[in-house]
Number of protein chains: 2
Amino acid sequence: MEDSGISSLIASLENRDRLSAEEKAALEALNWRFRDFPRGTEIIRDRSRPAESCLIVQGFAVRAGYLRSGQRQLTALLVPGDFADLHGLLLKVMDHSVIALTDCRIGFVDHAALRRLSADHPHLWRLFTLLLTIDASIQRTWLVSIGRRNPASHLAHLICETHLRLFSVGRARPDEFELPIGQADLADLLGLSVVHTNRTLQELRAQNLVRWRGGTVHLPDRKALAALAEFDPIYLHLDPERR
Amino acid sequence: MEDSGISSLIASLENRDRLSAEEKAALEALNWRFRDFPRGTEIIRDRSRPAESCLIVQGFAVRAGYLRSGQRQLTALLVPGDFADLHGLLLKVMDHSVIALTDCRIGFVDHAALRRLSADHPHLWRLFTLLLTIDASIQRTWLVSIGRRNPASHLAHLICETHLRLFSVGRARPDEFELPIGQADLADLLGLSVVHTNRTLQELRAQNLVRWRGGTVHLPDRKALAALAEFDPIYLHLDPERR
DNA sequence: CGCTAGGTTGAGGTACGTCAAGCTAAGTGG
DNA sequence: CCACTTAGCTTGACGTACCTCAACCTAGCG
């Protein structure tokens with residue numbers, strides 16, 4: 001089966017509701033422009049006024065917030081099938097930047113085209129809004145993680161979430177997935193220092209909950225990992241319902 | 001001027017785009033049901049499947065996430081004019097609860113009525129989606145605050161944000177506003193212990209940045225407070241644009 | 001073989017949490 | 001009007017989880 005580049009988006013939508021053949025065709029028919037970004041480069045600049053939205057096709061990106069001190073906090077981990085800035089369509093001005101965390105391939109569509117699509121296919125527009133909303137749910141969960149979970153539980157939670165999100169778009173095996181990122185970036189995801197991130201990872205390794213080598217994460221005991229994380233996937237809203 | 005109960009919602013929308021007289025009338029004409037909640041009570045239960053959305057009319061509410069240990073992190077501070085669970089319309093199942101932080105008055109509207117309103121007034125629906133999106137922007141900012149700001153800066157940021165949000169719906173004076181909440185709740189907003197929250201407040205008081213007595217917050221030096229917080233209100237998207 | 005980026009380790013400091021007690025102001029019953 | 005209670009704020013003492021700095025190790029790569 002040929003991958004048009006947006007298969008993960010379609011998978012992501014189909015996890016939430018049925019798509020008609022017409023809807024899928026309309027998505028495919030959009031004027032997608034694909035572009036590769038090497039890791040570390042900026043995909044969308046803070047304060048810019050993009051005229052297009054962008055979809056993660058391959059690889060990982062992040063939303064990043066900076067302080068004047070140079071410290072940064074990553075506020076989202078974007079995986080294939082995620083729109084990085086669907087909200088740009090409504091907000092006009094970006095209030096954060098999007099960075100390629102690994103080499104990645106991004107698909108761009110004009111806002112105008114998305115608006116036309118929404119007008120013609122209100123159901124698709126509802127599903128896009130749903131994606132926005134799920135994004136917000138994830139952020140709420142991250143707030144709880146960063147505010148109240150201990151580092152080991154927080155890291156475990158991040159791993160469970162990422163695994164499930166990737167799995168749901170066909171990008172993970174039941175007990176492992178690719179996540180070729182360094183501990184410095186992991187630290188910025190967790191809101192910890194690099195050193196403590198390293199020690200937290202070792203803690204999970206010592207309990208045989210995670211093996212992480214060469215960019216692939218292996219989960220020998222998902223049950224125990226989920227228990228440590230108090231991971232309850234309801235907030236990902238992966239159960240298809242009529243919406 | 002008579003306050004129909006939704007004046008803050010209208011103010012909030014008008015901060016982002018012009019509303020026509022018809023649109024305002026349509027909002028007023030919705031079948032609002034108003035109900036008072038004493039502080040500490042649950043307005044929406046986690047895991048419930050609400051058939052209506054609720055609007056904060058008066059007072060303050062919060063979104064809350066809990067861990068098994070009983071610890072909680074508040075993930076949003078809801079002020080008059082905010083919808084507490086507009087996302088409930090799309091998500092079906094609530095993934096967090098909403099609690100009255102102070103005594104408050106809540107307005108309920110059926111999802112069905114909102115759907116009809118959206119169909120008849122697509123522009124209003126776009127603005128509702130915008131509110132959802134701004135909500136998410138605020139959450140991203142909170143993630144940065146909680147992850148990377150020091151407690152004093154974080155608290156200063158929360159105060160600046162709350163002041164501006166209240167001011168934008170006509171509920172604050174230029175240098176003070178009502179926020180009748182205790183330090184225990186403030187701690188759950190910040191992700192700190194009560195003791196440290198208390199000491200952080202004292203720190204701001206000592207620098208003459210905040211006076212907080214009897215439920216009213218007074219800001220003798222907003223400039224300096226904003227500087228400490230590195231507060232940049234762009235993420236609140238309060239500039240009216242055509243959307 | 002040397003260089004580099006990233007992972008790992010140790011030592012030491014500090015900012016936070018916890019526990020427990022004391023304080024204050026508002027409310028309640030005599 | 002005054003004891004008594006109560007909830008919330010404040011303080012101090014102490015422990016610890018996390019940060020910082022600096023060195024070292026390792027694996028890839030030229």
Side-chain angles (χ1 to χ4, degrees), chain A residues 38-41 60 67 69-74 100-103 144-156 158-159 178-207 210-218 228, chain B residues 38-41 60 67 69-74 100-103 145-156 158 178-207 210-218 228:
Chain A
R39 66 172 267 216
T41 54
F60 296 88
L67 298 186
S69 65
Q71 287 186 106
R72 71 173 189 176
Q73 175 67 43
L74 305 181
L101 193 57
T102 65
D103 290 349
V144 176
S145 285
I146 203 169
R148 293 300 190 197
R149 279 185 227 272
N150 60 52
S153 176
H154 185 181
L155 176 55
L158 178 65
I159 291 171
E178 304 295 310
L179 188 62
I181 72 174
Q183 294 184 5
D185 292 325
L186 190 56
D188 286 336
L189 283 163
L190 297 173
L192 293 175
S193 67
V194 184
V195 171
H196 205 71
T197 300
N198 178 285
R199 286 175 172 140
T200 304
L201 243 179
Q202 290 181 51
E203 204 179 320
L204 294 193
R205 274 201 290 254
Q207 295 179 252
V210 175
R211 282 198 305 259
W212 191 326
R213 209 166 300 279
T216 123
V217 181
H218 189 84
L228 175 64
Chain B
R39 65 172 269 215
T41 55
F60 295 88
L67 298 186
S69 65
Q71 285 185 107
R72 72 173 187 175
Q73 175 67 44
L74 304 181
L101 193 57
T102 65
D103 290 348
S145 286
I146 203 168
R148 294 299 189 197
R149 279 184 227 273
N150 60 52
S153 175
H154 184 181
L155 175 55
L158 178 65
E178 303 296 310
L179 188 62
I181 72 174
Q183 295 184 5
D185 291 326
L186 191 55
D188 285 337
L189 283 164
L190 297 172
L192 293 175
S193 67
V194 184
V195 172
H196 205 72
T197 299
N198 178 284
R199 288 177 170 138
T200 304
L201 243 179
Q202 290 181 50
E203 204 180 321
L204 295 192
R205 274 200 290 254
Q207 295 178 252
V210 174
R211 282 197 307 259
W212 191 327
R213 209 166 300 280
T216 124
V217 181
H218 188 84
L228 175 64

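Note that the structure is predicted; figures quoted are calculated from it, not measured. All heavy atoms count here, side chains included; hydrogens, waters and symmetry mates do not. All chains are named by letter (A, B, ...) in the order of the sequence lines, taking the proteins before the strands, and each is independently numbered beginning at 1.
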Checklist entry - Which of these passes side chain to side chain donor-acceptor pair (under 3.5 Å) with B/D188: B/Q71, B/Q73, B/R72? => result B/R72
Checklist entry - Touch check for B/R205, heavy atoms < 4.0 angstrom, all strands: base, sugar-phosphate only, or nothing? => result sugar-phosphate
Checklist entry - Considering residues at least two apart in sequence or located in another chain, which fulfil the side chain to side chain contact (heavy atoms under 4.5 Å, CB included) criterion with A/R211? => result A/N208, A/H218, A/P220
Item to check | Set of side chain to side chain contact (heavy atoms under 4.5 Å, CB included) partners for B/A100, sequence neighbours left out | outcome: B/F37, B/T41, B/I43, B/C104
Checklist entry - Are any non-hydrogen side-chain atoms of A/I181 and A/L189 less than 4.5 angstrom apart? => result yes
Checklist entry - Mind checking whether A/L201 and A/L186 have side chains closer than 4.5 Å, heavy atoms only? => result yes
Checklist entry - Heavy-atom contacts under 4.0 Å between residues 179-189 of chain B and DNA chain C, which residues? => result none
Item to check | Residues in contact with DNA chain C, drawn from residues 191-199 of chain A - heavy-atom cutoff 4.0 Å | outcome: A/V195, A/N198, A/R199
Pairs under 3.5 angstrom, nitrogen or oxygen only, protein versus nucleotides 27-30 of chain D, please.
none

Kindly compute the distance separating [atom1] ([X]) from [atom2] ([Y]), expressed to the nearest 0.5 Å.
| X | Y | atom1 | atom2 | answer |
| --- | --- | --- | --- | --- |
| B/L101 | B/L179 | CG | CG | 7.5 Å |
| A/H154 | A/I159 | NE2 | CD1 | 10.5 Å |
| B/F60 | B/R39 | CZ | CZ | 13.5 Å |
| A/S153 | A/R148 | OG | CZ | 13.5 Å |
| B/L192 | B/L155 | CG | CG | 8.5 Å |
| A/R149 | A/L228 | CZ | CG | 9.5 Å |

Checklist entry - Nearest-Å distance, CG (A/L155) to P (D/dC18)? => result 12 Å
Checklist entry - Could you give the CG-to-P distance, from A/L190 to D/dC19, as a whole number of Å? => result 10 Å
Item to check | Heavy-atom donor-acceptor pair, A/D103 side chain to A/P38 backbone, under 3.5 Å | outcome: no
Next on the checklist: Would the distance check show the side chain of A/E178 and the main-chain N or O of A/V217 forming a donor-acceptor pair, the cut-off being under 3.5 Å?
Outcome noted: no
Checklist entry - How would you give the extent of chain B contacts on DNA chain C, as first and last nucleotide 5' to 3' within a 4.0 Å heavy-atom cut-off? => result C/dC16 to C/dC19
Checklist outcome for this item: DNA chain D nearest-nucleotide lookup for B/R148 and B/R39: closer to the 5′ end is B/R39
Item to check | 5'-most by nearest nucleotide on DNA chain C - B/Q71 or A/Q202 | outcome: A/Q202
